[in-house]
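See structure below.
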Protein chains: 2
Amino acid sequence: MGINKKKIILIEDDATLGYLLSEYLKMNSFELYWAKNGVDCLKMLEQNSFDLAILDVMLPDIDGFSLAQTIINLHPKLPFIFLTARSLKVDVLKGFSVGAVDYLKKPIDEEELVVRIKSLLSRLDTSVTNEDKIRTIYGIGNYEFNTVNQTLSFNEKVINLTNRESQLLRYFVTHKNTLCTHKDILTHIWGRNDYFNKKSLNVFITHLRKYLNKDASIKIENVHNRGFIFKME
Amino acid sequence: MGINKKKIILIEDDATLGYLLSEYLKMNSFELYWAKNGVDCLKMLEQNSFDLAILDVMLPDIDGFSLAQTIINLHPKLPFIFLTARSLKVDVLKGFSVGAVDYLKKPIDEEELVVRIKSLLSRLDTSVTNEDKIRTIYGIGNYEFNTVNQTLSFNEKVINLTNRESQLLRYFVTHKNTLCTHKDILTHIWGRNDYFNKKSLNVFITHLRKYLNKDASIKIENVHNRGFIFKME
DNA sequence: AAAAAGATTAATAAAAGATTAATTGAATTA
DNA sequence: TAATTCAATTAATCTTTTATTAATCTTTTT
């Protein structure tokens, strides 16, 4: 998750359940705001910006679906989930039709609630997902390695790598400066650790060394009888 | 929703439930593919590109969680939901921890399933934004490509493109300078990734290369065993 | 110094790709 | 309805690429 706590607003009139959920969610490092009714809720929405709203359908002063509608009008981007005892099918359908991200039926397990919240927040948070995505471009010294196009560039010069070369280099950059045993490399890339594949691996090591010899800070060092260490940085 | 039906792959070994869900989802204008086991599933994933996977946890040949792991490795962007009779809490938590978008317990109401699917697809849908960006006219080096008239012009000379030629060229200009895998091109344009369509693709590559050979700055490069890169600019 | 492991270069065979030609099949027209 | 046309697919052939294997040389280890 990000460096900042995610802000959640819980709209729940029941004192016991409200307290329980608030505390549990706080324990799971969310910043929690608990509104006990619709009026409080709107006030809080005025004063803060939230990442998620959890809405009870049955509220003393306003119907949850109407409140959801109001929330959408005021904050179209705020995702919300319904949490309710009314598990009537029409309600579930109505919940989604007004734009709910999820609809959970009481009694809900707190742990499950937390993983559901985390799951949907991580998907909604584009900044996080982009960071976490498998990187396509790696800097290797003065080289640039594009794992998708399978190219290695150095000062405008572009080398096209073959599948195996690219696989091997990717393995190395993701395991840089640590021993990569023959066995690990072979089972991971060749799928099988035997004499001939090991010979093949050696050929590809030579290829990569040749490609990378423009930058002296990068080295593929052999550890006798064990494997290789890809040194960089 | 977009102009095209969303493609869903359902992995379910139970014949009755599988049939029921398939039919119901088809009725709700999804394009449905039903895999009865893990092996079938992987084959289908090779041959098509999907918008969503629905996974039973209990499969005859492979554990659903392991299959999910495999799916993530092969298709990191494909969202999946679990649909299962095992409503054990640990399973739910495990489901989300491996990256599920939702975890539904049997017996599930079909109507609810559909609204949940629609809700999450609408939130995940990025293709629409990309589709919307398609322009009518593209400059390709000294050429001008009109996607509506399906023409390619060079110094007053006009080449009339066929449907396939135009589709393929459009795919390339909207994905220029990045690897377009055989699979992506074939599933996107031909709808199916198999041996014969790949042969067909090769023929069209030859066509486009011939049309575009007046401008040396444009190249359709092959990446052995992976696909093509349309280089321009 | 001998043996094993590793590095390098070269040879080879299988697979993939490119190109041209033939065939199919649907749409259009006589 | 038969003939024509044109695009897409399939087939046949040739070319290129690539992973592997082999051969040879160099380095390490005992």
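Remember, predicted model here, so these are calculated numbers, not experimental data. Sequence lines set the chain letters: A, B, ... in the order given, protein chains first and strands last, and positions in each chain run from 1.
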Measure from [atom1] on [X] to [atom2] on [N] and round the result to the nearest Å.
{"X": "A/Glu221", "N": "D/dT27", "atom1": "CD", "atom2": "C1'", "result": "15 Å"}
{"X": "B/Asn222", "N": "D/dT15", "atom1": "CG", "atom2": "P", "result": "18 Å"}
{"X": "A/Gln150", "N": "D/dT17", "atom1": "CD", "atom2": "C1'", "result": "13 Å"}
{"X": "B/Ile189", "N": "D/dT9", "atom1": "CD1", "atom2": "P", "result": "11 Å"}
{"X": "A/Ile229", "N": "C/dG6", "atom1": "CD1", "atom2": "P", "result": "13 Å"}
{"X": "A/Leu212", "N": "C/dA7", "atom1": "CG", "atom2": "P", "result": "15 Å"}
{"X": "B/Tyr211", "N": "C/dT19", "atom1": "OH", "atom2": "P", "result": "14 Å"}
{"X": "B/Leu186", "N": "D/dT9", "atom1": "CG", "atom2": "P", "result": "10 Å"}

### Task
Look at all strands and tell whether B/Tyr195 reaches a base, only sugar-phosphate, or nothing, counting heavy atoms closer than 4.0 Å.
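Nothing, no heavy atom under 4.0 Å.
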Answer with yes or no whether the side chains of [Y] and [X] bring together a donor and an acceptor at under 3.5 Å.
{"X": "A/Thr151", "Y": "A/Asn149", "answer": "no"}
{"X": "B/Gln167", "Y": "B/Arg170", "answer": "no"}
{"X": "B/Asn193", "Y": "B/Lys198", "answer": "no"}
{"X": "B/Asp184", "Y": "B/Thr181", "answer": "yes"}

### Given B/Leu212, B/Ile205, B/Asn213, the one that forms side-chain contact (heavy atoms from CB on, under 4.5 Å) with B/Arg209
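Passing option: B/Ile205.
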### Message
Donor-acceptor pair, distance only, cut-off 3.5 Å: does the side chain of B/Asn222 make one with the backbone of B/Phe228?
### Response
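Such a contact is absent between B/Asn222 side chain and B/Phe228 backbone.
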### Message
When you measure from the side-chain N and O atoms of A/Asn202 to the phosphate of C/dG6, is any distance below 4.0 Å, counting only OP1 and OP2?
### Response
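So the side chain of A/Asn202 is outside the cut-off, no N or O lying under 4.0 Å from OP1 or OP2 of C/dG6.
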### Side-chain N or O of A/Arg226 closer than 4.0 Å to phosphate OP1/OP2 of C/dA5
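Result: no.
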### Query
Of A/Lys210 and A/Gly227, whose closest DNA chain C nucleotide lies nearer the 5' terminus?
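Going by which nucleotide is closer to the 5' end, it is A/Gly227.
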Tell me which donor-acceptor pairs under 3.5 Å the side chains of residues 152-163 of chain A have, and how far apart each pair is, sequence neighbours excluded?
unit_1: A/Thr162; atom_1: OG1; unit_2: A/Glu165; atom_2: N; d: 3.4
unit_1: A/Asn163; atom_1: ND2; unit_2: B/His224; atom_2: O; d: 3.1

Below 3.5 Å between N/O atoms, which protein atoms pair up with nucleotides 18-20 of chain D? Just atom names and distances, please.
unit_1: D/dA19; atom_1: OP1; unit_2: A/Thr162; atom_2: OG1; d: 3.4
unit_1: D/dA19; atom_1: OP1; unit_2: A/Arg164; atom_2: N; d: 3.1
unit_1: D/dA19; atom_1: OP2; unit_2: A/Thr162; atom_2: OG1; d: 2.9
unit_1: D/dT20; atom_1: OP1; unit_2: A/Arg164; atom_2: NH2; d: 3.4
unit_1: D/dT20; atom_1: OP2; unit_2: A/Arg164; atom_2: NE; d: 3.4
unit_1: D/dT20; atom_1: OP2; unit_2: A/Trp190; atom_2: NE1; d: 2.7
unit_1: D/dT20; atom_1: OP2; unit_2: A/Ser200; atom_2: OG; d: 3.0

### Message
Can you identify which nucleotide, out of C/dT19, C/dA16, C/dA7, has its nearest atom closest to the B/Asn225 side chain?
### Response
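Output: C/dA16.
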### Query
Which residue lies toward the 5' end of DNA chain D, B/Asn160 or B/Asp194, if each is placed at its nearest nucleotide?
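The 5'-side residue here is B/Asn160.
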